Enquirer: 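I am attaching a structure below and will ask some questions about it afterwards.
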Amino acid sequence: KTFEPWRTKKNTFDLFIYGLLGISCCQFLYFLTIQLSSAGAATILQDLSPIFILFATCLIDKRRPRGTEVGAIALAMVGVLLITTHGSFNSSAISFAALLAGIGCAFCVMIYNVEPKQLLEQFPVTVLQAWAFLMGGVFFTLVFHTWTISYTPTFLGILGILFVILVGNVLAFTCYIEGVHLIGPSKAILYGFSEPVTAALVTFLFMGSPFTVWDGLGFVCVFLMLVLTLLG
C-alpha cells in the first residue's frame with residue numbers, strides 16, 4: 001500500500017499538491033510567521049483558513065454559504081482573537097512579511113483540507129502523511145541547504161525537536177486529517193479552533209499563566225461556535 005498513491009498520474013499530482021503545497025508549506029509558513037512576529041499573531045493569521053475553506057467548499061458544491069457556517073467562523077475567529085491577545089489590542093502592527101506568510105499559511109491549510117478528498121477515499125491517512133512529511137523534508141533540505149547550517153542542539157533541544165516532530169506534527173496532522181476524512185473539511189477546521197482553548201487551559205493549570213475575563217469570553221465564543229457547527 002505504501003507505493004499505491006504513485007501508480008496513477010492523477011493521484012501523483014494530488015499527492016504533490018497535498019503533501020508539498022498543503023502540509024509542508026503550511027508548516028514552514030507557520031513557523032516563519034512566528035519568527036517574523038509572534039506565536040499569537042501566527043495563530044490568528046492561520047485561523048483565517050476557514051474563510052478560504054468555506055469559499056472553496058461553496059465553489060466546489062456550487063452553493064452559497066449557510067448562515068450557521070458564517071456565524072460559526074465569526075465566533076471562532078473572535079474567540080481565538082480574545083484568547084490569544086487576552087483582550088490587549090495595543091501591540092504594534094505586524095510586518096508585511098509576517099502578514100504575507102500568515103495568510104499564505106492559512107491558504108495552505110485550505111489546500112490540505114480540501115485537496116485530499118479523493119486520496120482519503122483510496123488510501124490510509126498514515127500513508128498519505130508519511131509521503132507528505134518525506135516530500136517536505138527532502139524539498140526544504142534541498143532549497144535551504146540545511147547541511148550547511150551549523151547547529152548543535154542540547155539534550156533538551158533534542159527532546160524539544162522530537163516533541164514538535166512526533167506530537168506537534170506526526171500525531172496532530174494524522175489525527176486531524178482522519179477527522180477531515182470522517183466529518184469533512186468545513187467542520188474539521190472549526191473543531192480545530194479548540195486548539196487555543198486547550199493551550200490556554202494547559203498554560204493556566206500547569207504553567208501558572210493568568211486566566212482573564214477575556215479568556216473566558218473567548219471560551220464562550222468557541223463553545224457557541226461548536227454548538228452552531230453541530231446544529232449545522
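Owing to the predicted nature of the structure, the values given are computational and were not obtained by experimental measurement. For the single chain, residues carry numbers from 1 onward in sequence order.
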Enquirer: Between Val138 and Leu20, is there shared hydrophobic-cluster membership here, with clusters defined by ILVMFWY side-chain heavy atoms closer than 4.5 Å?
Expert: yes
Enquirer: Just how far is it from atom CD of Gln35 to atom CG of Leu32, taken to the nearest 0.5 Å?
Expert: 6.0 Å
Enquirer: When rounded to the nearest 0.5 angstrom, what distance separates NE2 in His181 from CG in Leu128?
Expert: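 So the NE2 of His181 and the CG of Leu128 are separated by 10.0 Å.
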Enquirer: Return the CG to CG distance between Leu159 and Leu162, rounded to the nearest 0.5 Å.
Expert: 6.5 Å
Enquirer: Let me check something: do Ile183 and Val125 share a hydrophobic cluster, defined by ILVMFWY side-chain heavy atoms less than 4.5 Å apart, either directly or through other members?
Expert: yes
Enquirer: Kindly give the heavy-atom pair with the smallest separation between Val164 and Asn169, and that separation in Å.
Expert: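 It is O-ND2, 2.8 Å.
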Enquirer: Is Ser24 reaching over with its side chain to a backbone N or O of Gly19, donor-acceptor style, under 3.5 angstrom?
Expert: yes
Enquirer: Can you confirm whether Phe107 sits close enough to Ile103 that some side-chain heavy atom of one is under 4.5 Å from a side-chain heavy atom of the other?
Expert: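 They are not in side-chain contact.
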Enquirer: Centre-to-centre under 6.0 Å for Phe16 and Trp6, is that the case here?
Expert: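 Aromatic pair counts; centres sit under 6.0 Å.
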Enquirer: Cluster question for you: counting only ILVMFWY and a side-chain heavy-atom cut-off of under 4.5 Å, with indirect links fine, are Met110 and Leu100 together?
Expert: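 No; tracing contacts between hydrophobic side chains, which count when under 4.5 Å, never links both residues.
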Enquirer: To check you understand the geometry: which heavy-atom pair defines the closest contact between Ile161 and Pro153, and what is its length?
Expert: CD1-CB, 4.4 Å
Enquirer: I want to know whether Tyr112 and Tyr18 have ring centres closer than 6.0 Å.
Expert: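 Ring-ring flag for Tyr112/Tyr18: false, centres at least 6.0 Å apart.
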Enquirer: So, for Asp14 and Lys10, which heavy atoms are closest and what is the spacing to 0.1 Å?
Expert: OD2-NZ, 2.6 Å
Enquirer: If I compare all heavy atoms of Leu29 with all of Ala101, which pair ends up nearest, and what's the gap?
Expert: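 For Leu29 versus Ala101, the nearest heavy atoms are CB-O, 3.7 Å.
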Enquirer: Within this structure, what is the CD1-OG1 distance for the pair Ile177 and Thr126, rounded to the nearest 0.5 Å?
Expert: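 If I round to the nearest 0.5 Å, the distance is 12.5 Å.
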Enquirer: Under 4.5 Å between side-chain heavy atoms, hopping through other hydrophobics if needed: is there a path connecting Phe139 to Phe31?
Expert: no
Enquirer: Verify, without hydrogens or angle tests, whether Ser49 (side chain) and Gln46 (backbone) share a donor-acceptor contact under 3.5 angstrom.
Expert: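 Between the backbone of Gln46 and the side chain of Ser49 there is a qualifying donor-acceptor contact (under 3.5 Å).
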Enquirer: Quick one, Asn113 with Tyr176, criterion side chain to side chain contact (heavy atoms under 4.5 Å, CB included). Give me CA distance, side-chain angles, the key distance, then yes/no.
Expert: CA-CA 9 Å; Asn113 272 270; Tyr176 178 78; 2.6 Å; yes
Enquirer: Do any N or O atoms from the side chain of Asn11 and from the backbone of Pro5 form a donor-acceptor pair under 3.5 angstrom?
Expert: no
Enquirer: For the CZ atom on Arg63, are there more than 12 heavy atoms of other groups (residues, nucleotides or ligands in this structure) within a distance under 6.0 Å?
Expert: yes
Enquirer: What are the two closest non-hydrogen atoms of Pro50 and Ile73, and how far apart are they?
Expert: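 Reported closest heavy-atom pair: O-CD1, 3.6 Å.
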Enquirer: When you look at OH of Tyr30, are more than 12 heavy atoms from neighbouring residues, nucleotides or ligands closer to it than 6.0 Å?
Expert: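 Atom OH in Tyr30 is packed in, count exceeds 12.
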Enquirer: Can you find a pair of side-chain heavy atoms, one from Gln27 and one from Phe173, that are under 4.5 Å apart?
Expert: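 A side-chain contact under 4.5 Å exists here.
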Enquirer: State whether the number of non-hydrogen atoms from other residues, nucleotides or ligands found under 6.0 Å of Phe144 atom CZ is greater than 12.
Expert: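 Yes, CZ of Phe144 has more than 12 neighbouring heavy atoms, counting only those of other groups under 6.0 Å.
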Enquirer: Look up atom CD1 in Ile34 and atom SG in Cys105, then write down how far apart they are to the nearest 0.5 Å.
Expert: 9.0 Å
Enquirer: With side chain to side chain contact (heavy atoms under 4.5 Å, CB included) as the test, would you mind laying out the steps for Met135 and Leu15 before giving the verdict?
Expert: CA-CA 10 Å; Met135 285 189 291; Leu15 188 57; 4.0 Å; yes
Enquirer: Surrounding CD of Gln118 (heavy atoms of other residues, nucleotides or ligands, distance under 6.0 Å), is the total greater than 12?
Expert: no
Enquirer: Roughly how far apart are Thr12 OG1 and Ile17 CD1, rounded to 0.5 Å?
Expert: 11.5 Å
Enquirer: Using the rule that two of Ile, Leu, Val, Met, Phe, Trp, Tyr join whenever any of their side-chain heavy atoms come within less than 4.5 Å, decide whether Leu182 and Leu171 are in one cluster.
Expert: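 As far as the 4.5 Å side-chain criterion goes, Leu171 and Leu182 are not connected within one cluster.
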Enquirer: Do the two ring centres, one from Trp131 and one from Phe123, sit under 6.0 Å apart?
Expert: no
Enquirer: Considering non-hydrogen atoms only, spot the tightest contact between Leu75 and Cys221 and give its length.
Expert: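 In terms of heavy atoms, the two residues are closest at O-CB, 3.5 Å.
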